[in-house]
*Asks:* 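Dropping the structure in here first, questions after.
These numbers were taken from a predicted model, which means no experiment stands behind them.
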Amino acid sequence: MATTNPLENLQVEASCSVCLEYLKDPVIIECGHNFCRDCITRWWEDLNRDFPCPVCRKTSRHRSLKPNRQLGNMVEIAKQLQVTNKRKVRDENLCKKHNEVLGLFCKEDQEAVCLVCEISLEHRSHTVVSVDDASQEYKEKMQKCLEPLEQKLQKIAYCKSQEEKKPGELKRKIEDRRQLIISEFEELHLFLAAEQEILMRRLEEEEKEILQKLKENVAKLSEQRAILNSLITEIEEKCLQSGIEMLKDVKSTLERFEELQAQEPRLVSIELEKNFCNFPRQYFVLRKILKKLTGVLNQGDLILDPETAHPNLVLSEDRKSVKFVEQRLRDLPDSPKRFTIYPCVLATEGFTSGRHYWEVEVGEKTHWALGVCNDSVSRQGEITSVPETGYWRVRLLNGDKYAATTTPFTPLNVVIKPKRVGIFLDYEAGKLSFYNVTNRSHIYTFNDTFTEKLWPFFYPGIRAGRKNASPLIIRPPTDWE
């Protein structure tokens with residue numbers, strides 16, 4: 001069996017197969033094996049032909065012995081390495097302090113010592129035994145360690161086996177949950193479809209009912225008009241009569257006048273019932289469920305950071321609103337966070353993950369911008385507020401020009417002017433969405449990859465007389481239900 005020790009391998013290769021000693025004056029024969037010159041010569045001493053190899057038994061016709069000087073050099077190296085190794089082993093077994101053999105073992109210090117160490121102050125009061133006794137004692141202790149280690153190994157193997165089974169089990173659970181979700185949402189779709197059908201049928205019935213009322217009222221009004229025309233003709237004719245002829249049945253004529261005078265024409269209302277103006281209640285229940293599923297965080301719990309506010313901006317005491325003033329605020333502390341050119345302000349909280357939603361009241365303002373910006377944006381100079389420079393915003397200009405500040409700007413068709421704007425950030429998905437809270441409609445969504453902390457951004461716009469004097473106000477999120 002081949003040894004794993006390189007030095008022992010080298011010693012084997014450097015030994016003669018005949019004398020089993022290191023090769024002396026090594027020679028190589030025709031089959032490729034090496035021997036001491038004297039050993040192979042003695043092996044072939046009585047032979048005149050067919051010289052066999054002592055190792056492989058292959059014979060050669062001639063006595064061919066070629067010196068192998070390179071192997072001879074290797075033999076010398078192997079001898080030197082053996083001497084060095086013996087010296088090393090011997091040195092390792094000697095006490096470094098006293099150069100004596102380490103034949104004893106100190107139990108307190110858990111180390112091998114020599115006879116001189118045993119009587120020294122360092123070990124005099126310690127329990128010292130022979131290396132052989134200590135070796136046997138610790139061998140027994142270590143053998144006792146094997147059983148719990150093997151039990152631990154078996155436990156780890158069991159846990160590993162269980163963990164390796166779990167991906168399959170997880171896959172089955174995921175598939176079951178997937179099918180459950182599909183099934184549940186199919187039921188929701190069916191429910192909403194049925195609810196829609198019911199509402200559409202009711203709406204159709206209400207339309208027919210109103211149309212019937214309109215038809216009946218038109219007929220009634222036509223009848224009233226005919227009666228009135230008849231009475232007018234009758235009165236006009238009586239007015240042309242005189243004496244007894246005019247007074248004939250005058251009481252009846254006046255009574256019919258009074259009766260018709262008391263009758264007011266009525267119009268049929270075409271206002272629809274409230275149920276047909278809004279979505280069914282179940283819709284808002286579903287919205288609440290979806291809201292929980294999407295895990296919206298930090299809803300509206302934002303305040304403004306005065307350290308970032310431009311000198312022309314004034315924050316409310318609760319730091320929930322900001323407005324522009326003509327007179328710059330003085331004695332503001334210098335801060336690298338403060339915007340110095342563009343009159344805007346950031347929130348005190350930034351986001352590096354998760355989903356977040358907040359709402360801002362814009363009221364009747366004619367100029368504003370809302371959104372988020374990167375932590376690294378320039379705050380001390382001119383700003384180009386586009387995604388490429390770290391700004392994602394929607395703005396209003398001159399009261400009716402809405403735009404997403406992309407490159408170039410994207411004009412937005414906002415039919416109903418928002419009094420309040422909702423902003424939803426999904427950091428991991430790279431989405432920033434804006435909503436018109438006033439009529440619950442979507443305004444615009446940025447799709448990008450966010451790599452920095454994002455700060456909620458507020459620009460109240462400069463004052464234009466009294467038209468844009470009102471502040472931007474952070475409001476609690478709307479309860480859609």
*Asks:* Please say whether more than 12 non-hydrogen atoms of neighbouring residues, nucleotides or ligands are located less than 6.0 Å from CZ in Arg328.
*Replies:*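 Enclosed: over 12 neighbouring heavy atoms sit under 6.0 Å from CZ of Arg328.
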*Asks:* Between the side chain of Asp305 and the main-chain N/O of Arg319, is any donor-acceptor distance below 3.5 Å?
*Replies:*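 Checked: no pair found.
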*Asks:* Do Arg201 and Leu203 have side-chain heavy atoms sitting under 4.5 Å apart?
*Replies:*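 Side chain of Arg201 against side chain of Leu203, heavy atoms only: no contact under 4.5 Å found.
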*Asks:* Measure the shortest side-chain to side-chain distance between Phe351 and Leu425 over non-hydrogen atoms and say whether it is less than 4.5 angstrom.
*Replies:*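 When only atoms from C-beta onward are counted, Leu425 and Phe351 do touch, with a gap below 4.5 Å.
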*Asks:* Around atom NZ of Lys79, are there more than 12 heavy atoms of other residues, nucleotides or ligands at under 6.0 Å?
*Replies:*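 Counting other residues, nucleotides and ligands, NZ of Lys79 exceeds 12 neighbours.
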*Asks:* What residue among Val322, Leu313, Leu304 forms side chain to side chain contact (heavy atoms under 4.5 Å, CB included) with Leu472?
*Replies:*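 Option passing the side chain to side chain contact (heavy atoms under 4.5 Å, CB included) with Leu472: Val322.
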*Asks:* Does anything in residues 304-323 pair up under ring pair (Phe, Tyr, Trp, His ring centres under 6.0 Å), and if so which pairs, sequence neighbours excluded?
*Replies:*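 Counting only pairs at least two positions apart or across chains, no ring pair (Phe, Tyr, Trp, His ring centres under 6.0 Å) contact touches residues 304-323.
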*Asks:* Is it the case that atom CZ in Arg69 sees more than 12 heavy atoms from other parts of the structure closer than 6.0 Å?
*Replies:*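 Count not over threshold, so no.
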*Asks:* Is the count of non-hydrogen atoms from other residues, nucleotides or ligands lying under 6.0 Å from Glu428 atom CD greater than 12?
*Replies:*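 Correct, the count exceeds 12.
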*Asks:* Check for a donor-acceptor pair, side chain of Lys213 on one end and backbone N or O of Lys208 on the other, with a separation under 3.5 Å.
*Replies:*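 No.
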*Asks:* Quick check: does any side chain N or O of Lys337 sit under 3.5 Å from a backbone N or O of Glu307, one acting as donor and the other as acceptor?
*Replies:*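 No; zero donor-acceptor contacts below 3.5 Å.
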*Asks:* Which of these, Phe450, Phe457, Phe434, sits in a ring-ring contact (aromatic ring centres under 6.0 Å, His included) with Trp392?
*Replies:*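 That would be Phe450; it is the only one of Phe450, Phe457, Phe434 passing the ring-ring contact (aromatic ring centres under 6.0 Å, His included) with Trp392.
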*Asks:* Of the non-hydrogen atoms in Gly350 and Trp455, which two are nearest, and what is the gap between them?
*Replies:*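 Result for this residue pair: N-CZ3, 3.3 Å.
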*Asks:* Could you check whether atom NZ of Lys323 has more than 12 heavy atoms from other residues, nucleotides or ligands sitting under 6.0 Å from it?
*Replies:*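 No, NZ of Lys323 has 12 or fewer neighbouring heavy atoms, counting only those of other groups under 6.0 Å.
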*Asks:* Mind checking what makes ring pair (Phe, Tyr, Trp, His ring centres under 6.0 Å) contact with Phe105, not counting sequence neighbours?
*Replies:*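 For Phe105, the residues satisfying ring pair (Phe, Tyr, Trp, His ring centres under 6.0 Å) (neighbours in sequence not counted) are Tyr138.
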*Asks:* So, are Lys173 and Glu169 salt-bridged, with charged N and O less than 4.0 Å apart?
*Replies:*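 Here Lys173 pairs with Glu169 in a salt bridge, since their nearest N and O are under 4.0 Å apart.
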*Asks:* Does some side-chain heavy atom of Phe324 sit less than 4.5 Å from a side-chain heavy atom of Pro471?
*Replies:*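 No, too far: nothing below the 4.5 Å cut-off.
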*Asks:* Taking NZ, NE, NH1 and NH2 as the nitrogens, is one of them in Glu216 or Lys220 under 4.0 Å from a carboxylate oxygen of the other?
*Replies:*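 The answer is no: the pair does not qualify as a salt bridge.
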*Asks:* Mind checking salt bridge (charged side-chain N to carboxylate O under 4.0 Å, His left out) for Lys453 and listing every partner two or more places apart, or none if nothing turns up?
*Replies:*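 Salt bridge (charged side-chain N to carboxylate O under 4.0 Å, His left out) list for Lys453, sorted by chain: empty.
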*Asks:* Assess whether atom CD of Gln162 is packed by more than 12 heavy atoms of other residues, nucleotides or ligands within 6.0 Å.
*Replies:*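 Yes.
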*Asks:* Would you call His367 and Leu397 a side-chain contact if the rule is heavy atoms closer than 4.5 Å?
*Replies:*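 When only atoms from C-beta onward are counted, Leu397 and His367 do touch, with a gap below 4.5 Å.
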*Asks:* Centroid separation under 6.0 Å, is that true for the rings of Phe424 and Tyr435?
*Replies:*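 No, the ring of Tyr435 stays outside the 6.0 Å limit from the ring of Phe424, centre to centre.
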*Asks:* Would you name the heavy atoms of Ser385 and Arg393 that are closest together and state the gap between them?
*Replies:*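 Residues Ser385 and Arg393, closest heavy atoms: CB-NE, 3.3 Å.
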*Asks:* Can you tell me if Glu452 uses its side chain to pair, donor with acceptor, with the backbone of Ser376 under 3.5 Å?
*Replies:*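 Flag set: sc Glu452 to bb Ser376 pair under 3.5 Å.
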*Asks:* Would you call Lys166 and Glu163 a salt bridge, using N to O less than 4.0 angstrom?
*Replies:*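 Looking at Lys166 and Glu163, the cut-off is met.
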*Asks:* When you measure from the side chain of Thr406 to the backbone of Thr410, do you find a donor-acceptor pair of N or O atoms at a distance under 3.5 Å?
*Replies:*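 Indeed, once roles are kept as given, a pair shorter than 3.5 Å links the two residues.
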*Asks:* Any donor and acceptor pair, going by atom type alone, linking the side chain of Arg379 with main-chain N or O of Ile341 inside 3.5 Å?
*Replies:*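 Answer holds: no.
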*Asks:* Can you tell if the side chain of Val394 reaches within under 4.5 Å of the side chain of Leu412, non-hydrogen atoms only?
*Replies:*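 In contact.
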*Asks:* Working note: Met200 + Glu204, criterion side-chain contact (heavy atoms from CB on, under 4.5 Å); need CA distance, chi angles, decisive distance, verdict.
*Replies:* CA-CA 6 Å; Met200 295 300 287; Glu204 186 178 348; over 6 Å; no
*Asks:* When you check the side-chain N and O atoms of Gln80 and Glu76, is any donor under 3.5 Å from an acceptor?
*Replies:*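 Absent: no donor and acceptor within the cut-off.
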*Asks:* Look only at the side chain of Arg338 and the backbone of Pro333, and say whether a donor-acceptor pair between them is shorter than 3.5 Å.
*Replies:*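 Yes, Arg338 side chain to Pro333 backbone: donor-acceptor pair under 3.5 Å.
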*Asks:* Listed by chain and number, what are the ring pair (Phe, Tyr, Trp, His ring centres under 6.0 Å) partners of Phe339, not counting sequence neighbours?
*Replies:*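 Here no residue qualifies.
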*Asks:* Ion pair present between Arg178 and Glu175, side-chain N to carboxylate O less than 4.0 angstrom?
*Replies:*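 Looking at Glu175 together with Arg178, the answer is yes, because their closest N to O distance falls below 4.0 Å.
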*Asks:* Answer yes or no: is there an ion pair linking Glu359 with Arg420, defined by an N-O contact shorter than 4.0 Å?
*Replies:*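 Answer for the salt bridge query: yes.
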*Asks:* Search all heavy atoms of Asn436 against all heavy atoms of Lys417 and return the closest pair with its distance.
*Replies:*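 For Asn436 versus Lys417, the nearest heavy atoms are ND2-C, 4.2 Å.
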*Asks:* Decide yes or no on side-chain contact (heavy atoms from CB on, under 4.5 Å) for Ile210 and Leu214, but give the supporting numbers first.
*Replies:* CA-CA 6 Å; Ile210 293 173; Leu214 288 171; 4.1 Å; yes
*Asks:* For Lys141, check salt bridge (charged side-chain N to carboxylate O under 4.0 Å, His left out) against everything at least two apart and list the hits.
*Replies:*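 For Lys141 the salt bridge (charged side-chain N to carboxylate O under 4.0 Å, His left out) partners, ignoring immediate neighbours, are Glu137.
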*Asks:* Does His356 form a side-chain contact (heavy atoms from CB on, under 4.5 Å) with Leu302? I'd like the steps, not just the answer.
*Replies:* CA-CA 10 Å; His356 310 270; Leu302 295 178; over 6 Å; no
*Asks:* Please identify which of these residues, Ile473, Val345, Leu346, meets the side chain to side chain contact (heavy atoms under 4.5 Å, CB included) condition with Phe458.
*Replies:*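 It is Val345, the one option of Ile473, Val345, Leu346 that forms the side chain to side chain contact (heavy atoms under 4.5 Å, CB included) with Phe458.
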*Asks:* Hey, does the side chain of Ser230 reach the backbone of Ala226 with a donor-acceptor pair shorter than 3.5 angstrom?
*Replies:*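 Not a single qualifying donor-acceptor pair exists.
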*Asks:* Check whether more than 12 heavy atoms from other residues, nucleotides or ligands sit under 6.0 Å from atom CD of Glu223, and answer yes or no.
*Replies:*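 No, CD of Glu223 has 12 or fewer neighbouring heavy atoms, counting only those of other groups under 6.0 Å.
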*Asks:* Which residue pairs pass the ring pair (Phe, Tyr, Trp, His ring centres under 6.0 Å) test when at least one of the two sits in residues 144-170, sequence neighbours left out?
*Replies:*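 Passing the test, one end in residues 144-170: no pairs.
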*Asks:* Arg202 and Glu206: salt bridge (Lys or Arg N to Asp or Glu O under 4.0 Å), yes or no, with the steps?
*Replies:* CA-CA 6 Å; Arg202 288 179 182 173; Glu206 187 173 12; over 6 Å; no
*Asks:* Please check: side-chain N/O of Ser222 versus main-chain N/O of Val218, any donor-acceptor pairing under 3.5 Å?
*Replies:*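 Yes: the side chain of Ser222 pairs with the backbone of Val218.
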*Asks:* Over all heavy atoms of both residues, which pair between Val414 and Ile416 is shortest? Give the atoms and the distance, please.
*Replies:*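 Val414 and Ile416 have their closest heavy atoms at CG1-O, 3.3 Å.
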*Asks:* Taking atom CD of Gln263 as the centre, report whether more than 12 heavy atoms of other residues, nucleotides or ligands fall under 6.0 Å from it.
*Replies:*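 Yes, enclosed.
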*Asks:* Any side-chain heavy-atom pair from Leu454 and Asn374 closer than 4.5 angstrom?
*Replies:*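 In contact.
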*Asks:* Given side chains that start at C-beta, do those of Ile227 and Leu260 come closer than 4.5 Å, heavy atoms only?
*Replies:*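 Yes, close enough: below the 4.5 Å cut-off.
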*Asks:* What do the steps show when you test Lys107 against Val128 for side-chain contact (heavy atoms from CB on, under 4.5 Å), and what is the final call?
*Replies:* CA-CA 6 Å; Lys107 288 189 173 184; Val128 177; over 6 Å; no
*Asks:* Locate the shortest heavy-atom distance separating Lys431 from Thr445; write the atom from each residue and the value.
*Replies:*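 Answer, listing the atom of Lys431 first, then Thr445: CB-CG2, 4.4 Å.
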*Asks:* Examine the side chains of Ser441 and Asn439 and answer whether a donor and an acceptor come within less than 3.5 Å of each other.
*Replies:*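 There is such a pair (donor and acceptor under 3.5 Å, judged by atom type) between the side chains of Ser441 and Asn439.
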*Asks:* Are side-chain heavy atoms of Val314 and Leu329 found at a separation under 4.5 Å?
*Replies:*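 Counting from C-beta outward, Val314 and Leu329 do come under 4.5 Å.
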*Asks:* So, for Lys419 and Thr438, which heavy atoms are closest and what is the spacing to 0.1 Å?
*Replies:*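 Result for this residue pair: N-OG1, 2.7 Å.
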*Asks:* Please check if any side-chain donor atom of Ser470 sits under 3.5 Å from a side-chain acceptor atom of Glu364, or the reverse.
*Replies:*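 Side chains of Ser470 and Glu364: no pair found under 3.5 Å.
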*Asks:* Ignoring hydrogens and angles, tell me if any N or O in the side chain of Asp426 forms a donor-acceptor pair with the backbone of Arg355 under 3.5 Å.
*Replies:*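 Flag not set: sc Asp426 to bb Arg355 has no pair under 3.5 Å.
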